[in-house]
Structure formats: structure tokens, C-alpha cells
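Reading through the C-alpha cells given below for one structure.
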Protein chains: 2
Amino acid sequence: MAPDTTTWTPAGAAEPELACPISPVVDIVFSRWTTPILWTLHTHGRQRFVELERRIAKITPKVLTQRLRQLERDGLIVRTYHPEVPPRVEYEISELGRSLAPLFAHLAEWAAENLDRVEQARHDYDTEPAAR
Amino acid sequence: MAPDTTTWTPAGAAEPELACPISPVVDIVFSRWTTPILWTLHTHGRQRFVELERRIAKITPKVLTQRLRQLERDGLIVRTYHPEVPPRVEYEISELGRSLAPLFAHLAEWAAENLDRVEQARHDYDTEPAAR
DNA sequence: GTAGCCACTTTCCTATAGGTACCTACTATA
DNA sequence: TATAGTAGGTACCTATAGGAAAGTGGCTAC
């Protein structure tokens with residue numbers, strides 16, 4: 001039997017939900033590699049497997065397949081298979097996936113405003129041996 | 001030498017940033033256990049280590065320490081050490097951390113509106129053997 | 001004197017995500 | 001004949017995050 005990638009359980013399986021109502025969403029939307037995939041699909045539109053592979057770079061086909069299956073199962077992307085030769089498969093964002101756009105924009109906005117503050121905080125923390 | 005938990009590298013170290021400008025934020029804010037910690041700190045205010053440990057439950061002290069250090073280094077929370085006996089340490093959200101509040105609210109809103117759609121999509125995917 | 005408290009720290013161990021590399025079937029092209 | 005292109009599948013292996021459990025130090029309360 002092949003390992004069932006469709007029932008793959010995200011990293012947050014130990015239920016931190018008890019304390020945090022947004023943990024489920026985080027597991028769905030922000031697990032590893034999902035944001036680059038969604039972002040690429042969003043900015044470049046419908047794409048084939050190899051296009052995604054090339055654009056995201058450093059991702060291996062195995063992992064890309066796993067994540068695409070997961071995103072498809074969660075209804076965030078749509079997979080269309082064309083039984084041609086050579087086979088052609090296209091991926092695109094679903095309507096549910098598109099509903100994440102303002103959220104991503106919000107995130108990008110926060111990043112633009114505050115990422116350097118995080119960098120500064122890290123630098124301060126690392127170059128201040130006295131307080132610890 | 002003790003393992004240096006302060007320079008801990010989050011899971012997304014293989015740089016998916018190439019394709020996705022929000023990946024850095026995701027690594028900082030949405031790595032495992034950070035949202036429950038930030039959420040608990042936000043809703044219950046300043047707290048001691050044991051209070052966090054009890055509220056979040058299932059988190060081990062080791063991991064809690066690691067994540068608190070990481071969040072402190074990133075400037076999202078503030079740690080205050082009182083050299084008493086027994087020792088007392090208090091954690092609270094920093095201003096930078098508080099600036100995440102609208103983002104979290106946005107996330108909670110999306111969850112409330114769309115989480116059941118994800119559930120539905122999963123159910124559909126799992127109970128439709130024909131298309132695959 | 002010993003048990004408990006707090007805030008960790010340390011050691012040991014395991015689960016698993018993810019990487020490498022090779023494989024499929026089919027066709028067109030050189 | 002051999003290679004390339006397509007969308008993955010599969011086996012093997014490793015790195016490491018994270019869990020369990022015990023320890024630490026200094027004081028207090030019983």
C-alpha cells in the first residue's frame with residue numbers, strides 16, 4: 001500500500017487548539033510550503049506542475065505533490081487533469097483559496113512595516129550579553 | 001555546550017522566500033506553538049511560566065522555554081525576571097506583538113467564515129473515489 | 001529533615017518531515 | 001537507438017523537532 005498522502009496530518013497535531021482558536025487555520029494555510037505555492041498560483045495564475053516546480057525552486061517533486069494534494073483536499077486549489085500525451089495537469093486557486101487574498105495582503109503589509117523591527121530586536125538580543 | 005535555543009532556526013529554513021514575500025513572516029509568527037502562546041498572552045495578559053504551561057496544556061516545559069526565547073528574541077514578547085525566592089518570571093506581549101492583533105482577528109474571522117468549507121471539501125475529496 | 005515551589009535545564013529517545021535518487025508509460029524528436 | 005519531456009510514485013535514508021522524565025538551586029513551610 002502506498003503511503004496515503006491525502007490524510008497527511010500537519011505538524012500541529014498535538015492540539016494547541018485548546019488554547020488558541022486560530023490554530024486550525026494556521027495548520028491549513030501556513031504549514032510548510034503552502035504559502036509559496038498559494039502565492040505563486042495567485043500571482044501567476046493557472047500553472048502546470050513543472051512551472052510551479054521551477055518557480056518555487058528548492059522544492060522537491062515529492063513534497064510539491066504532497067502539498068498540492070493537501071491543498072486540493074482542503075479545497076484551496078483545483079487540479080485539472082488532461083489525459084493527453086504527454087500528460088498535462090493544471091493547478092489553479094479555487095474561490096475558497098482566493099478568499100485568502102486579503103489576509104495575505106494584510107500579512108504582507110505587516111511584514112513591510114514590522115519586519116525590520118524584528119530584525120532590530122534580534123540584533124539587540126544577540127549583542128547584549130549583560131542582561132542575561 | 002548547551003544547545004543554543006536562541007538561534008533556533010524555524011522549519012522554513014530552505015528559503016521558500018524566493019517565491020513568496022510573506023514566508024519570513026510566516027516563519028516568525030506562525031511556527032509551531034507560537035500562536036497559542038501569543039494568543040494566551042494576549043487574552044490573559046501578563047503571566048508567569050507555570051500559568052502559560054497550565055493554560056496551553058500538552059506543551060512541555062522544554063518546548064515552552066524554546067518558543068518563549070524565540071519570541072523574546074524576535075521582540076514579540078517581553079520577559080521580566082524578578083530575582084526573588086522562589087524565582088518569578090513574567091511574560092507579556094510587547095508593542096510589536098500587539099501590532100499582530102488585527103491580523104489575528106482577521107484570521108479568526110476567516111476561520112469562522114470558511115473553516116466548515118474546508119471540512120466540506122475534505123469530506124467531498126475523501127468520499128469520491130471516481131475522479132481519482 | 002524533607003517535601004514543595006519555580007523556572008527552567010539536561011539527557012535520552014522517537015516520530016516524521018523531507019531529501020536523494022531512481023522508476024513508470026508514452027510519444028516526438030534527433 | 002537514444003534522449004527529452006510529463007506528472008508524478010516509491011524506496012531508502014537522515015536530520016531534527018519535540019516528547020518524557022529527571023535534575024538543579026535556593027529558600028520556605030511543615
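Labels below follow one simple rule: chain letters A, B, ... track the order of the sequence lines, proteins then strands, and each chain is numbered from 1. Model, not experiment: these values are computed from the prediction.
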**Message:** Output the rounded distance in Å from CZ (A:R69) to P (D:dT10).
**Reply:** 11 Å
**Prompt:** Under 30°, 30 to 60°, or over 60°: which ring-plane class applies to A:F104 and A:F30, parallel, tilted or perpendicular?
**Reply:** parallel
**Message:** Between B:T60 and D:dG19, is there a contact of a side-chain N or O with OP1 or OP2 at under 4.0 Å?
**Reply:** yes
**Request:** Write down the distance between CZ (B:R32) and P (C:dA17), rounded to a whole number of angstrom.
**Result:** 11 Å
**Complete:** Rounded to whole Å, CG of B:L64 lies from C1' of C:dC8 at a distance of 10 Å
**Asked** To the nearest 0.5 Å, what is the distance between NE2 (B:H42) and OG1 (B:T40)?
**Response** 11.5 Å
**Whole-Å distance separating the CD1 atom of B:I59 from the P atom of C:dA7** = 15 Å
**Asked** Taking atom P of D:dG8 as reference, at what distance in whole Å does atom CD of A:Q70 sit?
**Response** 15 Å
**Item:** Cluster check B:L64, B:Y81: I/L/V/M/F/W/Y, side chain < 4.5 angstrom
**Value:** yes
**Item:** Gap between atoms CD and P, on B:E53 and D:dG18 respectively (whole Å)
**Value:** 16 Å
**Asked** Can you find a donor-acceptor pair, distance only, under 3.5 Å between B:K62 side chain and D:dG18 base?
**Response** yes
**Prompt:** Are OP1 or OP2 of C:dC6 and a side-chain N or O of B:Y81 less than 4.0 angstrom apart?
**Reply:** no
**Asked** To the nearest angstrom, how far is A:R88 atom CZ from D:dA7 atom C1'?
**Response** 13 Å
**Item:** Distance, rounded to the nearest Å, where B:Q66 contributes CD and C:dT10 contributes C1'
**Value:** 12 Å
**Request:** Going 5' to 3' through nucleotides 25-30 of chain C, assign each nucleotide B (protein heavy atom under 4.0 Å from a base atom), S (under 4.0 Å only from sugar-phosphate atoms) or - (no protein heavy atom that close).
**Result:** --S---
**Message:** Can you see if the side chain of A:R67 gets near the phosphate of C:dG18 - specifically, an N or O under 4.0 Å from OP1 or OP2?
**Reply:** yes
**Message:** Nearest to the B:W33 side chain among C:dC6, D:dG19, C:dT9, which nucleotide is it?
**Reply:** D:dG19
**Asked** With a 4.5 Å limit on heavy-atom distance, are the side chains of B:R73 and A:D126 in contact?
**Response** yes
**Message:** Under 3.5 Å, is there a donor on one side chain and an acceptor on the other for A:R69 and A:Q66?
**Reply:** no
**Prompt:** Looking just at side-chain N and O atoms, do A:Q120 and A:D116 make a donor-acceptor pair shorter than 3.5 Å?
**Reply:** no
**Item:** Pairing residues for A:S99 by the side chain to side chain donor-acceptor pair (under 3.5 Å) criterion, not counting sequence neighbours
**Value:** B:W110
**Item:** Contact under 4.0 Å: A:R79 side-chain N or O vs D:dG8 OP1/OP2
**Value:** yes
